[in-house]
Structure formats: structure tokens, C-alpha cells
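The structure appears below as C-alpha cells.
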Amino acid sequence: MTGIEVDGTGVDVPEGASLLAAVRMAGIELPALCSDDRLSPVGSCRTCLVRADGRIAAACVTPAASGVHVETATEDLRQLRRDAVELIASALPPRALAADSRSELAQACRSLGIRPGAARGTGGRGGDESHPYVHLDRDLCIACGRCVRMCAEVQGTFALTLTGRGSDTVVAPGTGGPWAESDCVACGGCVDTCPTGAITEPGPGQGLTSANRPTAGLTRTTCGYCGVGCSLEVTTRDGEVSAVLPARDGPVNQGHACVKGRFAHGYLASPERLTRPLLRQRDGRLEPVSWDEALGHVARGLREAVDTGGSDAVAAISSARATNEENYLVQKFMRVVIGTNNVDNCSRLCHSPSAAGLTASFGLSGGTDSFDDVERSDCLLVVGANPVEAHPVVGARLLQRVLHGARLVVADPRAVGLALHADVHLRPRPGTNVALFHGLAHVLLAEGLIDEEFLRERATGLPELTELLADYPPQQVADITGVPAADLVAAARLYGRAQRPAIVYGLGVTEHLHGTDGVRALSNLAILRGAVGTNNGYGVNPLRGQNNVQGASDMGALPDLLPGYGKVTDPDPRSRAEAVWGVPVPHRSGLRIPDMFAAARAGDLRALWVIGEDVCATDPDANRVAQALNACPLVVCNELFLSETARHADIVLPVASWLEKDGTFVNFDRRFQRVRPAVPPPGEARTDFDVVRSLAAVMGVDLGCATPADALAECGRVAPVFAGLSHNRLDREGAIPWPCPDLGRPGEATLYADRFATPDGRAHLAAAPYLPPGEQPDDDYPLVLVTGRRWAHYNSGSMTRRGGNLELDPVDFLDIHPDDAIRYDVRDGTQVSVESRHGQARLTARVSEQTASGQVFCSFHFPASGVNSLTSDHADTVTSCPEYKVTAVRVAAG
Ligand code: FES
């Protein structure tokens with residue numbers, strides 16, 4: 001810390017802080033129109049002038065040197081600042097200082113006594129309202145450059161520039177033309193930093209930023225889209241959300257957001273929201289009924305299923321979108337009320353191989369480090385992930401790290417956003433990850449780029465791995481993967497020679513026939529380097545797909561694991577749960593999601609409760625999923641909209657979304673954060689928490705846990721790893737990572753500093769050989785289809801297709817390489833038919849080199865296209881995670 005004096009008062013400020021930060025720490029506000037503490041200072045507007053040791057200085061660009069005496073309040077300084085602000089305002093039209101303006105400029109003028117009449121500009125530069133979320137009023141632009149720097153320094157998109165000369169300088173998209181056709185990804189950073197209202201969000205949130213948001217009626221919550229866990233602040237008007245702003249002190253997002261969390265809340269008020277329970281009638285129609293009737297019908301159906309087929313004839317798919325507390329109650333309902341372990345969640349379809357692989361390698365089912373540690377990494381290995389689109393705030397932070405000098409290796413078949421900035425981009429054939437990782441490990445060993453002491457003291461399995469790796473020299477791996485041997489060696493050297501290498505990975509590692517082997521082979525690299533559980537690296541960290549997919553598993557919504565990952569077959573955790581719940585817990589593992597569908601098709605599953613998952617749209621081999629639902633005598637579905645799955649249900653229960661409920665989520669780096677309701681659910685919709693408790697009550701069981709806070713507290717008694725968490729504590733402290741066994745101690749952000757959580761306390765190297773994927777291209781199906789996310793949409797698209805995001809990305813594209821487009825007579829922008837051995841889909845071709853020759857790529861955001869009727873039922877041999885990343889297909893025009 002550095003000691004300085006501000007207007008006679010001593011202040012301690014962090015090393016490297018500016019005088020502006022020091023003045024603010026002293027409780028003094030200055031205008032600072034070109035400054036934002038998320039950005040590098042430029043000192044161009046001269047509105048923040050102070051006197052430092054007798055010299056006039058712009059506070060934003062002057063470092064707070066030790067012992068400096070700062071004056072802010074003398075009359076001459078006030079006048080200088082007033083003149084600077086007035087000069088800027090004078091060039092703007094009167095509306096810049098309108099009485100209702102909330103802009104920083106208008107507020108600065110009010111505080112300095114500058115009257116609205118000071119704005120005397122004539123305007124006439126026009127605007128740009130082409131974009132659904134970002135409108136530009138050029139007349140209000142003061143060319144401070146904050147938006148341009150926000151786009152470059154925080155988001156990393158470089159979509160904006162300042163054009164024109166002198167007083168005509170104004171912000172514009174760098175591509176020229178309308179904003180909607182620019183490279184803007186609508187993170188909202190420019191909107192949030194603009195000090196004048198030149199760039200605003202249209203609609204009720206117009207003019208609101210994280211700097212000027214109202215404090216009354218503001219709800220702080222955690223984003224319900226991807227698993228990054230951005231802290232957001234929600235404003236409301238007339239009972240509806242008016243704006244969602246990034247929290248400046250958000251632990252993960254640090255004042256940033258993406259197009260989904262920031263803007264995609266239009267679905268809340270969609271007329272298509274379900275507001276009343278629906279019950280299928282004899283004629284096949286779904287008709288509204290009362291909650292009493294709906295819950296009574298569900299209760300009778302569940303009892304009948306148990307009476308007919310036993311407890312194991314009932315299953316539930318819990319929701320990675322729901323809160324921890326809701327997931328805790330769902331699994332408790334299944335185990336206590338029904339008496340089965342037939343409960344699973346969609347981590348089965350994404351990161352169950354992470355849970356299995358990381359547990360086997362290190363001991364716990366989560367990423368090994370806090371994401372903050374990535375800021376200290378000098379080499380990033382990003383594998384099978386497209387965070388720029390799927391986890392944009394993480395993508396932006398990774399990119400900034402690279403722009404500040406970290407080396408970057410990207411391993412992904414596609415030219416994903418980060419690959420453009422990579423030192424080495426490895427493009428393995430889909431399904432060959434394990435060979436690729438073994439090839440990298442081979443080079444680490446061959447070139448001595450390993451930590452021998454770490455391996456000796458803290459790891460096991462080196463002899464077996466060394467023997468296996470003899471079969472994976474670079475040229476051999478090149479033959480399997482298609483990655484040139486020289487690139488493989490270059491990548492291994494970058495990772496191997498880094499001081500603090502980091503591994504970040506996504507579903508491109510897990511969603512394979514041998515996904516768990518992939519996670520383990522990737523973990524081998526960190527173990528060989530001693531870059532996990534030490535200060536020498538940022539371990540191995542999965543980017544979780546859904547907002548609470550980590551939490552759903554943490555809470556025990558799994559067929560073989562109780563809350564906190566105790567096995568149902570293990571007497572200790574089972575007896576702990578039995579002591580809290582007061583009933584015996586079934587000993588036998590339950591059904592996984594694919595097994596539930598198989599059991600339904602076989603007539604063994606007689607009731608299925610699907611909570612917040614559109615399994616007919618997102619699960620593989622969708623036609624077979626629909627067959628399963630049709631074969632099951634009772635299907636109950638909790639949903640926001642009449643989804644593909646809801647259309648197959650017997651009873652549809654309308655439920656609240658993440659902006660309408662109370663609880664907690666766990667993000668991708670294991671942080672518990674609070675979720676709070678900003679608005680009530682529409683109509684008669686209820687929270688899943690309320691629905692589960694109410695149904696239990698109708699079935700004659702009091703589940704306890706009167707509130708979400710009670711549920712988390714009870715979970716802590718079942719699972720010691722969460723015993724230190726409570727809503728009160730989270731309200732006070734913000735984010736807390738698990739493990740957190742003690743209310744009086746912080747959670748463990750970085751794991752394994754002393755020992756790994758495996759039974760022997762060591763990291764376990766894995767020596768599993770490469771095995772080919774479930775499907776290979778052949779003469780009939782010559783292309784490999786890979787599926788994933790697009791930047792503007794989210795999963796089945798039920799939320800993002802209802803609002804402005806649909807304008808940003810209105811079409812379901814099939815990306816195809818130009819060579820393949822010629823080969824199969826496919827033209828850009830035309831309709832194509834895609835066929836696999838399992839089904840057919842229709843998409844719009846987009847000819848692009850982002851996808852390698854021999855491969856095609858599409859999302860699954862538009863269920864009507866039928867993409868998941870293409871994907872196969874091949875699944876990870878350990879966890880049953882589907883092999884979404886490798887499907888052999890053929891395409892044809894028309
Ligand atoms: Fe300091 Fe603009 S805020 S010069």
C-alpha cells in the first residue's frame with residue numbers, strides 16, 4: 001500500500017493506483033469523463049484536474065506516488081474542472097443535459113452548477129438504430145474513446161473506432177456501415193461505459209449504466225445462462241425487468257457481461273410463457289387446470305407407477321438451470337418420497353466425464369483452481385472450447401491475458417475465436433483427442449519438460465504412462481489426428497516451458513465415446529508439469545456449460561451420488577443422509593438419463609418427471625427420446641414454455657425462471673453465489689422449489705426445508721463439504737467456493753495445495769490408450785458433424801429465440817468448408833439436407849473456412865431443424881455422456 005494525503009486526510013492506496021482512485025477512496029467525487037476503472041487511462045478530457053504537490057495534473061493518469069499531497073477543493077481547481085466540462089457540453093445539443101438525463105455528463109454538470117442551457121450544439125450528425133440492443137446518437141458523442149477501449153480492452157472484439165477529425169470525431173463501427181452489420185457482439189460494454197448517453201440500450205433501460213443505476217429497487221443476482229457465474233444487477237419498472245447491468249464488483253465478470261446475460265431477458269414477458277398448469281385430456285389436447293388438480297394428478301400417477309412397477313419405475317431428470325436448493329429438493333424427493341436413486345441431471349450430457357476424470361486424477365469433481373489464477377498464467381492451453389462464443393466473459397478474460405503477453409495454444413478442430421490469436425492452433429480430427437494429448441505428453445517426457453520432484457513426491461502412474469507414451473511419437477500422432485508433428489512439438493514446448501501453464505477445456509473434450517479418457521489424458525499434462533496443486537500453474541479447469549450444472553451435481557441430483565459426492569453404495573454418506581432425512585436411502589445406483597429412456601421404451605419406466613430440460617431438443621438421437629416419452633405412461637414436465645418435451649408430456653407445470661427465484665448457483669470454478677428474484681413469476685407459475693415441496697405434501701410427506709436457505713443449510717448437514725455455506729454468509733461475503741466445511745473459514749478456491757483428495761493423496765496419471773470414436777466417415781456418410789453453441793443463443797434457444805437475439809442470429813446455419821461445398825454442390829445461403837444413420841435435419845449452408853474440410857458444424861439452438869435427430873446414441877464408456885462431437889453425415893443441396 002502507498003500512503004498519500006488528499007485534502008489533508010491520509011489515505012492508503014494499492015500500489016500502482018492513480019490519483020483519481022486515491023481521491024475516490026477519500027470519498028471525493030470528481031468528474032472523469034474519459035475514465036473508467038475497467039480501462040487504461042488516456043487523460044484526454046481534462047475534467048479530473050487536481051493539484052499534486054503543487055502541480056496541476058489529470059488525476060486519472062497520474063500515479064499516486066508515496067507521500068504526495070493532493071488538493072481537489074480549491075476554487076481555482078473547481079473552476080478548471082467546471083470549464084473543461086462546460087466546454088465539452090457546449091458542443092452537444094440541449095437534450096444532452098435534459099432534466100431527466102442520467103448520464104455522467106449531465107450529473108457532472110448538475111454537480112458543478114452548469115445549467116442545461118450550456119448545451120448549445122446544433123446536432124444533425126444523425127444516429128444508428130439498426131441494432132436491437134445498441135443505439136447510437138452521434139450528436140451526443142464526445143469522442144472520449146471509452147466505448148472503443150471497452151470493446152478492445154475488456155471485450156477484445158475491436159469492433160469500434162473513432163472516425164472524423166477535430167470536433168467532428170465520433171464513434172463508429174470499424175467495418176463502416178450500420179452497427180447491426182458490424183463485428184459487435186453486443187456485450188453491452190460500450191453502453192455501460194458511455195458517459196453521455198450517445199450509446200444506449202433502447203427501451204426502458206435506456207440511459208442506465210452500472211455507474212448510474214438506481215440503488216433502490218435494484219436486485220443483485222447471478223446470471224442464469226452459461227456457467228461463468230456473472231454477477232448482475234437488475235432494475236425493474238412496473239413489475240417487469242427494465243435492464244440487466246453487469247455488477248462492477250462481480251467476482252468473475254468484473255463489470256462485464258455478454259449478449260445473453262445483459263440483454264436476453266425479453267423471454268420473461270413473452271406471451272408464450274406458461275402461466276397455468278396443463279393437463280392432457282382424453283382427446284389429446286393439453287388444457288389448463290388448477291394447481292390442485294395438476295398436483296393431484298401427478299401424485300396419483302406416481303403412486304400408480306410405484307404400485308405397478310416398484311419405486312424404480314419412477315425417474316426424474318433434474319435441472320442444471322434450477323438452483324442448488326431446487327436440485328437438492330428434487331433428489332431428496334426421489335430418495336425420500338419415491339424411494340429410488342433414479343435421478344440425474346444434464347451434466348450427464350456434458351461434463352459427467354469431467355466429474356469422473358477429475359475425480360480419478362485428483363480426487364474432487366470440479367476444476368482445480370480459481371479462474372482468477374489464470375491472470376498469472378503465461379501459457380494457456382485451451383482445448384475443445386469456444387469460450388468467445390459459449391462463455392464470452394471468460395473468453396474475453398482469456399483473450400486479454402493473451403493480449404498482455406501469455407502464449408496461447410488452441411486445440412480445436414474449428415478455427416474458433418481464440419484460435420485467431422493462438423501461437424499454435426492444433427486441429428485434430430474429431431474423436432482423436434486422447435491421441436493428441438498423449439502426443440503432447442510424449443514430447444514433454446522426451447524433452448525433459450516434466451517436474452520430476454512433483455512426480456516423485458505427489459503423483460503415481462508414471463511408469464505405466466511412460467510405457468504407453470512410447471506408442472505416441474509425434475509422427476504417429478500426426479497420422480491419427482491430422483495435426484502436423486511440428487505443430488504438436490511446438491505446442492508441447494510452449495506448455496512445457498511455461499512458468500505457469502493453464503489448461504481450460506470444454507465439451508470438445510468430454511462429449512466423446514472416450515470422453516473420460518480424454519479428461520484424464522489432458523490432466524496428465526498438468527501432472528507431468530507439476531502444474532496442479534502447486535504455485536506452478538493453473539491446473540485443469542472445465543468450462544461448465546449451463547449456469548448451475550456444477551451445482552446440480554454437487555447437490556446429488558445423480559443416480560450414484562448423494563449431495564457432496566458421497567456414493568449411494570458407501571455406508572458412511574448414506575447413513576449421514578438417512579440421519580438427516582429420517583428414512584432409509586436406497587443402496588443401489590439409479591438410472592442414468594439414457595438408461596431412463598431405454599427403460600421407458602422397454603416398458604419398465606412408468607413415470608418420468610423432467611424438470612427444466614428440453615430433452616427432445618437437446619438429447620441425442622431425438623427420435624428415440626420421443627419414442628421413450630411416448631412409451632412412458634406418465635410424463636410430467638416443469639417448463640417456462642411449451643417446449644418439444646412439454647408437447648410430449650401428460651402434465652405440464654409452469655415454473656419460474658432464474659430472474660424470478662431465490663437460491664444459489666455454483667459456477668464453473670466452484671463458487672456458490674446468490675440468486676435473487678427481481679420480478680415475480682407470471683400468472684400462476686411457481687418456483688420448482690415450491691412445486692417439489694407441494695407435490696411431496698400432496699403425497700403426504702413433509703420435505704422440510706421451508707425456504708431455500710433452509711435447504712442449503714440442510715444440505716450442509718448431509719454433505720460436510722458444504723457445511724460452511726449459508727445464504728446469510730453468501731449475502732455478506734458474496735462468492736464462496738467449495739469445499740467449504742467450516743462457517744468460520746473461507747472456501748478453497750485453489751485445490752490440492754497440500755495433498756490431492758484421492759485415497760492415497762496423490763495425483764493419478766492415467767495410461768489409457770487412444771481408441772477411435774463411435775462413428776467414422778465412410779462412403780455413405782463422408783462428413784463428420786460437430787455440434788456446439790453460437791454466440792447469440794443458448795442451448796435449445798427457448799429463451800434466446802424470444803427477443804432481440806433472434807434478430808442477431810436468426811438462422812440455423814450449417815458451416816461447411818468451401819472444398820466440400822463444391823464437392824457436394826452446396827451454395828452459401830441455400831437450404832441443405834443433412835442426413836446421418838439416425839435422422840435428418842434441414843439447415844442453411846454457410847460456406848466458411850472456420851470448419852475444416854471433411855467436417856461440418858451446426859448448433860442445436862433451433863429444435864425445429866432437427867439437429868439432434870442426427871446425433872447418435874454412442875456415449876462415453878464410463879459416464880454415458882453422448883458423443884455429440886462426432887456424427888458421420890452426408891449433405892445435399894435442397
Ligand atoms: Fe481524467 Fe478524462 S477523466 S482526463
Side-chain angles (χ1 to χ4, degrees), residues 2 4 6-7 11 13-14 16-65 68-74 76-92 96-97 101-114 118-119 140-154 160-162 164 166-167 169-171 189-199 209-212 248 255:
T2 303
I4 70 164
V6 179
D7 291 339
V11 184
V13 298
S18 68
L19 287 185
L20 182 60
V23 165
R24 285 175 171 164
M25 284 179 73
I28 297 165
E29 268 308 315
L30 299 177
L33 294 179
C34 70
S35 172
D36 183 316
D37 53 18
R38 294 167 288 189
L39 306 173
S40 59
V42 292
S44 63
C45 74
R46 315 302 286 175
T47 59
C48 65
L49 296 178
V50 296
R51 188 173 281 110
D53 283 345
R55 290 195 7 243
I56 301 286
C60 64
V61 285
T62 307
V68 68
H69 292 261
V70 183
E71 290 174 85
T72 70
T74 62
D76 66 323
L77 286 168
R78 281 206 183 95
Q79 191 59 44
L80 281 171
R81 292 195 295 263
R82 189 180 192 283
D83 289 348
V85 173
E86 191 164 16
L87 181 66
I88 290 168
S90 68
L92 306 184
L97 302 187
S101 173
R102 298 179 276 210
S103 76
E104 269 181 69
L105 175 68
Q107 290 182 9
C109 286
R110 283 178 211 127
S111 70
L112 292 165
I114 298 170
L140 298 186
C141 179
I142 60 172
C144 64
R146 281 167 59 167
C147 51
V148 177
R149 280 177 286 145
M150 198 75 184
C151 194
E153 295 179 12
V154 175
L160 303 180
T161 188
L162 291 176
S167 60
T169 306
V170 65
V171 65
C190 54
V191 174
D192 199 61
T193 194
C194 180
T196 66
I199 304 178
T209 70
S210 59
N212 71 13
R248 289 287 190 108

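Atoms within each ligand, like the ligands themselves, are counted from 1 in listed order.
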Can you give me every donor-acceptor pair (side chain of residues 32-40, partner residue at least two apart or in another chain, under 3.5 Å) with its distance?
from: D36; atom 1: OD1; to: R38; atom 2: N; distance (Å): 2.9
from: D36; atom 1: OD1; to: R38; atom 2: NE; distance (Å): 3.0
from: D36; atom 1: OD2; to: R38; atom 2: NE; distance (Å): 3.3
from: D36; atom 1: OD2; to: R38; atom 2: NH2; distance (Å): 2.8
from: D36; atom 1: OD2; to: T193; atom 2: OG1; distance (Å): 2.7
from: D37; atom 1: OD1; to: R248; atom 2: NH1; distance (Å): 3.1
from: R38; atom 1: NH1; to: D192; atom 2: OD2; distance (Å): 2.7
from: R38; atom 1: NH1; to: G255; atom 2: O; distance (Å): 2.8
from: R38; atom 1: NH2; to: D192; atom 2: OD2; distance (Å): 3.1
from: S40; atom 1: OG; to: E153; atom 2: OE1; distance (Å): 3.2
from: S40; atom 1: OG; to: E153; atom 2: OE2; distance (Å): 2.5

Side chain to side chain contact (heavy atoms under 4.5 Å, CB included) partner of I142, the single match among T169, V171, L92, V170: L92
With a 4.5 Å heavy-atom cut-off, do C194 and T196 have their side chains touching? yes
Ignoring waters, how many N, O or S atoms from the protein are under 2.8 Å from atom 1 (Fe) of ligand 1? 2
Can you give the donor-acceptor pairs under 3.5 Å from side chains of residues 16-30 to other protein atoms, not counting sequence neighbours?
from: S18; atom 1: OG; to: L20; atom 2: N; distance (Å): 3.3
from: S18; atom 1: OG; to: A21; atom 2: N; distance (Å): 3.1

Please tell me if the side chains of S101 and R110 come closer than 4.5 Å, counting only heavy atoms from C-beta onward. yes
Check: residues 53-65 side-chain donor-acceptor pairs under 3.5 Å, at least two apart:
from: D53; atom 1: OD1; to: H69; atom 2: N; distance (Å): 2.9
from: T62; atom 1: OG1; to: A58; atom 2: O; distance (Å): 2.7

